[in-house]
Amino acid sequence: MDVLAVLNLGDLAQAFSKMGMFPVFDVAYYIVSILYLKYEPGSVEVSRKSPVASWLCAMLYCFGSYILADIMLGGSPVDYFQHNSHILLASAIWYLIFYCPLNLFYKCVAFLPVKLVLVALKEVVRTRKIAAGVHHAHHAYHHGYFIMVIVGYVKGSGVALISNFEQLLRGVWRPETNEILNMSFPTKASLYGAILFTMQEAHWLPVSRSMLIIVFTLFMATSKVWMTARHSHSSPFALIESWICH
Amino acid sequence: MDVLAVLNLGDLAQAFSKMGMFPVFDVAYYIVSILYLKYEPGSVEVSRKSPVASWLCAMLYCFGSYILADIMLGGSPVDYFQHNSHILLASAIWYLIFYCPLNLFYKCVAFLPVKLVLVALKEVVRTRKIAAGVHHAHHAYHHGYFIMVIVGYVKGSGVALISNFEQLLRGVWRPETNEILNMSFPTKASLYGAILFTMQEAHWLPVSRSMLIIVFTLFMATSKVWMTARHSHSSPFALIESWICH
Amino acid sequence: MDVLAVLNLGDLAQAFSKMGMFPVFDVAYYIVSILYLKYEPGSVEVSRKSPVASWLCAMLYCFGSYILADIMLGGSPVDYFQHNSHILLASAIWYLIFYCPLNLFYKCVAFLPVKLVLVALKEVVRTRKIAAGVHHAHHAYHHGYFIMVIVGYVKGSGVALISNFEQLLRGVWRPETNEILNMSFPTKASLYGAILFTMQEAHWLPVSRSMLIIVFTLFMATSKVWMTARHSHSSPFALIESWICH
């Protein structure tokens, strides 16, 4: 009976880790990402003044992780832009969020219960991206553990890591801070996630990849939903960190 | 008789689109580009203080489009620097424009009638670069329409797109603006040109590539000569844009 | 007798140019590089506030030359990070220099006699990097003399060329200057060295590669040791430059 439960959990994890992300999860990812872009001060003015700059920023928010990972592995930074359907989908969402009459679409997706669901779905995509990034880097560099962590990290953090340059595109320059100097929760969690997935890929963790994906997804989704619901910026890591650093 | 005229026009376009750019057109391109660099405030002081920085900026002005396109397609950013004769030619022109005794060379090429001819020749090169960029991207990504537009765009705009970083090389930093936020006429025209050439490459335009090259060249050369002669910055697109945006 | 001396010198140069750099010379390189990072104002605060940012800066100081050369030749910027032992060694030295109790390690290696030895060893590595960079570029572009100079130059200068962005990582932004605009002695010497090694590779210099390596190493080590011992920033080139520019 017990063995069966374990098997079933393994099967569930397996199925979950193989589930397609396109289009439902990807749409949630694009919506939440572009929502965060709209929260940035001045981004609405930019969308009126220069739609091209606004569109480019939206694309960086949606596909920054692919761009960075492709750069890290020496590929073309616009490689992902060959997937026309993804780009068109993200562009449509950018258009709806910034230019929809009466701001209707924005109001719908920014409505808290809807947003919480979307945020949870976004974290599913983030975890998958980290796992895929580590796996991809492992394929290119079999023993390049640092490279695996770096690629998984940029796949999870995406645009946050280049926020200084994304802001520059909108005419904003804040050199005194950056995402490495002051890590937000998702960036820090991506780093830890990348380390975990690298350890799994190197067979240093006695756990299957699909199991790690489901556990990490649950942790990320719960944390982010909790933080979003509470409008909180305090990280779940704060307790551990204050304990280590004192 | 009429058919013959059309045939001849087709032949002319064909011949024009196959005409070699080196060295006459390329020289015009280098002269006008480095002329614009000399117009930049502070660039003469930089050429006295650090010839290496000045030379690098001149190279970015002349070959920025190749550097950006190579980066976009995942190649070596200095790939074009293997063409020693092009680099030497551009370096000679940089030397003449910045260091010629009595500023003689500069005075000759900045003399308006001469400059108008050079500006027209430069636009011939720009159009060819856009077409080549789109074609090159099409070769790498058969259905990557966004990539074709991006590569054609950076091939046409060149250094303008990285002007913030080119200025940084000269110790100037103006984060409040950039070429995407405030597009100048050549950048905007390059974007439209890249879209047109991509549509042609995808067979969505009922026109041959060589015909599009000759028409777009005529439009660009006329516009730029007109704007240069009138010292005007108002774009030929302004009328259409004000009509759309109101 | 005389011939024998020449032969022996040739053999010595040959042996010297084949000598392995790992781990003694590399350790010296890492120590001196991270020492310079610690000299930067604010870098100790960064190491307390964000160890990840501090570690990244240390890696840029140690491996910036590999990162830049890989970018220049179109490869993966993190390619060198596959050498786990080098990264671990550099990380250990970063840890000792920034976090060692009582600042003991720092005090040892910053003690002038020790530092002078380390500085000399570092210049051995720098010269080898320039030669290897030019050779590598020659392999990729047989007649790309400009590319050889560029790759040799970035291999010799390393992080100095991207110091603006390295500072940005630490929250510091000084756009009014950069290493190209105000070249320090090592950057300038790397440029001259890259030109010499390129001329050697193109068979324009009647001297063997190993001989050039030993002569250039001696020049660099002597100059840097002299400058470090005298706390001087005046370049050995200053005399020649003031003579040319007047």
Side-chain angles (χ1 to χ4, degrees), chain A residues 40-60 62-63 66-92 94 99 140 162-178, chain B residues 67-77 133-134 136-155 157 160-165 167-168 172-184 187-192 194-195 198 202 237 241 244-246:
Chain A
E40 287 282 303
S43 71
V44 175
E45 288 74 48
V46 168
S47 74
R48 295 287 171 272
K49 199 177 147 202
S50 169
V52 176
S54 178
W55 181 81
L56 264 181
C57 287
M59 292 304 107
L60 284 180
C62 291
F63 306 110
Y66 294 103
I67 295 172
L68 282 175
D70 280 327
I71 291 174
M72 285 301 146
L73 290 170
S76 153
V78 295
D79 189 75
Y80 198 79
F81 284 71
Q82 68 184 293
H83 301 111
N84 297 315
S85 50
H86 290 74
I87 309 293
L88 285 175
L89 198 57
S91 303
W94 160 75
Y99 304 102
I162 46 165
S163 54
N164 288 74
F165 297 100
E166 183 272 326
Q167 287 164 5
L168 182 59
L169 204 57
R170 295 185 274 117
V172 176
W173 186 243
R174 293 198 216 103
E176 66 283 355
T177 188
N178 62 58
Chain B
I67 295 171
L68 281 175
D70 280 328
I71 292 174
M72 284 301 146
L73 290 171
S76 153
V134 169
H136 190 182
H138 173 76
H139 198 78
Y141 297 96
H142 264 279
H143 298 285
Y145 305 118
F146 288 101
I147 300 178
M148 292 185 215
V149 171
I150 291 169
V151 175
Y153 181 39
V154 302
K155 276 298 272 289
S157 310
L161 291 181
I162 45 165
S163 54
N164 288 74
F165 298 100
Q167 287 164 4
L168 182 59
V172 177
W173 186 243
R174 293 197 217 103
E176 66 284 355
T177 188
N178 62 59
E179 191 69 22
I180 307 257
L181 217 49
N182 295 298
M183 285 200 197
S184 64
T187 314
K188 205 173 271 179
S190 296
L191 179 57
Y192 296 153
I195 294 172
T198 301
F237 303 132
E241 277 166 5
I244 288 178
C245 299
H246 270 93

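Predicted model only: the values in this text are computed from it and were never measured. A note on names: the letters A, B, ... follow the listed sequences, proteins ahead of strands, and every chain is numbered from 1. Excluded from the calculations below are hydrogen atoms, water molecules and symmetry mates; all remaining heavy atoms, backbone and side chain alike, are included.
- Only the backbone of L73(B) comes within contact range of chain A, judged by heavy atoms closer than 4.5 Å.
- Ring-plane geometry between W55(A) and F146(B) is classed as parallel, the angle between the planes falling under 30 degrees on a 0 to 90 degree scale with a further cut at 60.
- For Y80(A), the ring-ring contact (aromatic ring centres under 6.0 Å, His included) partners at least two apart in sequence or on another chain are F63(A), Y66(A), H83(A), H86(A).
- Listed here is the closest heavy atom pair of I180(B) and L169(A): CG1-CD1, 4.2 Å.
- Neither the backbone nor the side chain of R48(A) comes within less than 4.5 Å of any heavy atom of chain B.
- Interface residue L56(A): only side-chain heavy atoms are found under 4.5 Å from chain B.
- I71(B) approaches P77(A) most closely through the heavy-atom pair O-CD, 3.1 Å.
- Residue M148(B): no heavy atom, backbone or side chain, is found under 4.5 Å from chain A.
- N178(B) CG to W173(A) CH2: the interatomic distance, rounded to the nearest 0.5 Å, is 11.5 Å.
- Atom CG in D70(B) sits 11.0 Å away from atom OG in S76(A) (nearest 0.5 Å).
- Nearest heavy atoms, N182(B) versus K49(A): OD1-CE, 3.5 Å.
- When each of P175(B), A140(B), G75(B) is checked for heavy-atom pairs under 4.5 Å with chain A, P175(B) comes out on top.
- Under the side chain to side chain donor-acceptor pair (under 3.5 Å) criterion, D79(A) pairs with Q82(A), Y141(B), not counting sequence neighbours.
- What you find for N84(A) and H143(B) is that their closest heavy atoms are ND2-O, 2.7 Å.
- By number of non-hydrogen pairs under 4.5 angstrom with chain B, the leading residue of V52(A), I87(A), L88(A) is I87(A).
- The line from CG of L168(A) to CD of E176(B) is 10.0 Å long, rounded to the nearest 0.5 Å.
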